[in-house]
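Data first, discussion second: the structure below is written as structure tokens.
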2 protein chains.
Amino acid sequence: MSERDSERSISQTVRAQLALRDMILSGQLRPGERISELQAVEITSVSRTPVRLALVRLEDEGLLQAIPSGGFMVKAFTERDILDSIELRGTLEGLAARFAAERGASARSLEPLKECLADLDQLVRQDPVSVEAFSAYVTMNARFHALLTELSASPPLIRQIDRVSALPFASPSGFVMAQSALPEAHQILLIGQDHHRIVVDAIENREGARAEAIMREHSRLAARNLRLALRNRTHLDLLPALARLQSPAE
Amino acid sequence: MSERDSERSISQTVRAQLALRDMILSGQLRPGERISELQAVEITSVSRTPVRLALVRLEDEGLLQAIPSGGFMVKAFTERDILDSIELRGTLEGLAARFAAERGASARSLEPLKECLADLDQLVRQDPVSVEAFSAYVTMNARFHALLTELSASPPLIRQIDRVSALPFASPSGFVMAQSALPEAHQILLIGQDHHRIVVDAIENREGARAEAIMREHSRLAARNLRLALRNRTHLDLLPALARLQSPAE
DNA sequence: TGAATTCAGGATGTATACATAAATAGCCTT
DNA sequence: AAGGCTATTTATGTATACATCCTGAATTCA
């Protein structure tokens with residue numbers, strides 16, 4: 001096999017899923033394009049059974065769309081779709097923050113979140129921010145959002161947030177890298193980090209409404225980044241799937 | 001085949017999915033119970049390939065849970081899980097209502113919603129409400145919520161709401177029938193219908209915040225119904241899957 | 001010349017056989 | 001007698017062969 005040793009133990013289904021996802025997100029498979037099982041078999045070098053399972057999983061991940069007569073095609077997204085997905089994530093994260101506040105997250109459970117906050121502070125402090133720092137920020141930011149989500153202590157909600165965030169352009173860190181090339185970069189980072197600070201404070205003080213509101217607003221920072229990136233056409237190569245968005249239906 | 005003619009044309013996968021879902025919701029398959037593929041094959045009389053697809057679909061529908069070592073088990077829900085799912089649906093429907101209001105749903109597109117509202121009015125008017133009227137209410141209420149969701153004109157949001165509502169105990173009409181046996185039945189119905197009226201009014205007047213708030217509150221009526229039904233142990237046979245809820249983990 | 005029909009190619013849907021990994025029960029050892 | 005190891009059984013993971021349906025192109029008829 002040409003795969004690395006670390007990938008030898010995972011199932012063919014997962015392998016196919018990863019390979020196909022990469023090809024979709026990298027733009028090698030274009031939106032609207034039908035993707036036949038045999039084609040997927042050739043791409044992934046596994047047989048039809050695991051390929052089919054991978055396709056089904058990618059469908060409910062939201063990257064593929066079922067064709068009524070059978071089979072799948074690569075899903076096409078409009079700019080509006082992406083903005084709505086971001087708003088959707090913000091709403092769900094807002095609910096998570098409110099749950100965390102209302103249900104009284106213990107000081108102990110808030111500890112990791114605060115540590116994460118401090119780490120982010122370190123990264124944001126430098127000006128200008130290096131590319132490496134941006135990359136580290138993406139990782140740490142994802143961790144912050146994951147910790148916050150778990151603080152809701154609500155399995156159904158966590159599940160939904162994970163589902164929405166699975167789409168890379170709706171995920172909390174989806175456009176942070178795209179923003180790195182913008183002149184407003186550092187400013188946006190500082191504002192985002194202030195949101196983080198506020199939500200932790202609100203949860204600590206049991207201010208549910210405030211915690212919810214700030215997370216909603218926080219997601220709109222991502223929406224702003226997306227719009228800026230699209231207008232400036234900067235760093236779109238970081239998310240090739242967005243290179244050519246579908247125009248609205250009508 | 002022993003199936004009815006109307007079911008002869010649908011795929012084996014869907015048939016298996018329906019059969020298994022019924023057995024889960026009717027309580028014949030108990031929460032926590034492992035459900036092997038061969039067992040599912042015996043139940044559904046189809047081969048392993050479509051059975052496996054059905055199991056995967058039921059997993060991301062939320063009724064099954066994947067076992068790390070492979071295979072699936074029937075998911076167990078706590079009362080808290082269900083209440084959270086209801087709150088989650090309310091939040092999403094609130095967002096849908098706000099979208100509809102902010103984006104200016106046309107008078108033309110509001111028409112079906114208003115008709116539905118009038119039909120519901122007719123049903124609610126009688127006192128006491130007959131069981132048939134309750135049943136009709138369930139259908140019409142589901143239609144109202146579906147129309148409202150679509151009014152958001154946001155495919156990603158519609159998708160998420162459909163996903164959440166797929167769990168019968170989180171769906172808009174999940175506990176309406178359970179409520180029919182309660183003395184407070186008619187009163188609750190009237191209040192719910194008033195919520196419906198308000199959300200339509202709010203959307204029409206472009207009052208986004210109001211539309212959102214009332215849909216959130218509206219979902220808490222379902223939460224109230226659930227609690228009442230559980231306390232009174234009334235009509236739990238209508239949702240046998242709830243007959244014995246899992247106790248919280250700790 | 002246009003449209004409809006038929007035929008061919010290829011796609012998905014399904015069943016099953018085989019490989020491999022996990023779980024369990026029994027036996028052996030300590 | 002208790003614990004661990006091994007063997008057996010049963011589960012899932014995978015590949016492939018077969019059946020059926022859809023799709024598209026070519027040909028024929030009006």
Side-chain angles (χ1 to χ4, degrees), chain A residues 1-21 23-24 28-61 63-75, chain B residues 1-21 23-24 28-61 63-75:
Chain A
M1 301 195 186
S2 62
E3 317 292 340
R4 295 198 307 269
D5 279 350
S6 65
E7 292 181 355
R8 214 176 44 188
S9 62
I10 66 175
S11 72
Q12 302 288 73
T13 301
V14 173
R15 196 182 317 222
Q17 192 176 349
L18 292 175
L20 290 171
R21 176 161 46 203
M23 289 198 66
I24 294 169
Q28 292 176 261
L29 295 168
R30 296 154 142 220
E33 188 176 342
R34 180 172 192 159
I35 172 172
S36 78
E37 291 181 3
L38 280 95
Q39 188 184 348
V41 163
E42 280 197 13
I43 291 172
T44 62
S45 311
V46 305
S47 77
R48 274 187 63 209
T49 306
V51 152
R52 167 174 281 246
L53 283 175
L55 290 174
V56 169
R57 290 233 148 89
L58 287 171
E59 180 202 0
D60 62 66
E61 201 172 296
L63 290 175
L64 294 180
Q65 192 169 18
I67 299 172
S69 62
F72 300 94
M73 55 183 263
V74 180
K75 199 158 177 176
Chain B
M1 300 195 185
S2 62
E3 316 293 340
R4 294 198 307 269
D5 280 349
S6 64
E7 291 183 354
R8 213 176 46 188
S9 62
I10 67 175
S11 72
Q12 301 289 72
T13 300
V14 173
R15 196 182 317 222
Q17 193 176 348
L18 292 175
L20 290 171
R21 177 160 49 204
M23 290 198 65
I24 294 169
Q28 292 177 263
L29 295 168
R30 297 157 144 218
E33 188 177 341
R34 180 172 192 159
I35 172 172
S36 78
E37 291 181 4
L38 282 105
Q39 187 184 348
V41 163
E42 281 197 13
I43 291 172
T44 62
S45 311
V46 305
S47 76
R48 274 187 63 210
T49 306
V51 151
R52 168 175 280 245
L53 284 175
L55 290 173
V56 169
R57 290 233 150 88
L58 287 171
E59 180 202 1
D60 62 68
E61 200 172 298
L63 291 176
L64 294 181
Q65 192 169 18
I67 299 172
S69 63
F72 300 94
M73 55 182 264
V74 180
K75 199 158 175 176

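These numbers come from the heavy atoms of this one structure, side chains and all, not from hydrogens, waters or symmetry mates. Every chain is numbered from 1, with letters handed out A, B, ... down the list of sequences. This structure is a prediction, so every number in the text was calculated from the model and none was measured.
The CD-C1' distance, from A:Q39 to C:dA11, rounds to 12 Å in whole Å. Per the geometry, CD belonging to B:E42 stands 13 Å off P belonging to D:dT10, to the nearest Å. Going from atom CG of A:L53 over to atom P of C:dT12 covers 14 Å, rounded to whole Å. One interatomic measurement links the two molecules: CD1 of A:I10 to P of D:dG13, which rounds to 14 Å at whole-angstrom precision. Protein atom CE of B:M73 is 17 Å distant from nucleotide atom P of D:dA11, rounded to whole Å. Atom P of nucleotide C:dT12 and atom CG of A:L64 are separated by 12 Å, given to the nearest angstrom. As a whole-Å value, the separation of A:F72 CZ from C:dT12 C1' is 10 Å.
Between atom CD of residue A:Q39 and atom OG1 of residue A:T44 there is a gap of 10.5 Å, rounded to the nearest 0.5 Å. The distance from atom CG of A:L63 to atom CD of A:Q17, rounded to the nearest 0.5 Å, is 9.5 Å. With rounding to the nearest 0.5 angstrom, the CE atom of B:M73 is 12.5 Å from the CG atom of B:L29.
Distances shown here put every side-chain N or O of B:T13 at or beyond 4.0 Å from the OP1 or OP2 atom of C:dG13. Between B:R52 and D:dT12 there is no side-chain polar atom (N or O) within less than 4.0 angstrom of OP1 or OP2. Side-chain N/O atoms of A:Q12 include one lying less than 4.0 angstrom from OP1 or OP2 on D:dA15.
Nearest-nucleotide mapping onto DNA chain D: of B:I35 and A:S45, the residue sitting toward the 5' end is B:I35. Comparing A:S47 and B:L38, the nucleotide of DNA chain D nearest to each residue sits closer to the 5' end for B:L38.
At the heavy-atom level, B:S36 lies under 4.0 Å from the strands shown only through sugar-phosphate atoms. In this structure, A:S69 reaches the sugar-phosphate backbone alone: every heavy-atom distance under 4.0 Å involves primed, P, OP1 or OP2 atoms, never a base.
With respect to the salt-bridge test (charged N to carboxylate O, under 4.0 angstrom), the residues B:E59 and A:R57 qualify.
Summarising the geometry of B:L64 relative to B:V74, their closest heavy-atom pair is CD2-CA, 3.8 Å, with the distance given to 0.1 Å.
Comparing atom distances between the A:E37 side chain and each of C:dT12, C:dT14, D:dT12 picks out C:dT12 as nearest. Distances from the side chain of B:R48 to the nucleotides C:dT12, D:dA15, C:dC18 place C:dC18 closest.
For B:T49 against C:dT16, a side-chain N or O and a base N or O form a donor-acceptor pair under 3.5 Å.
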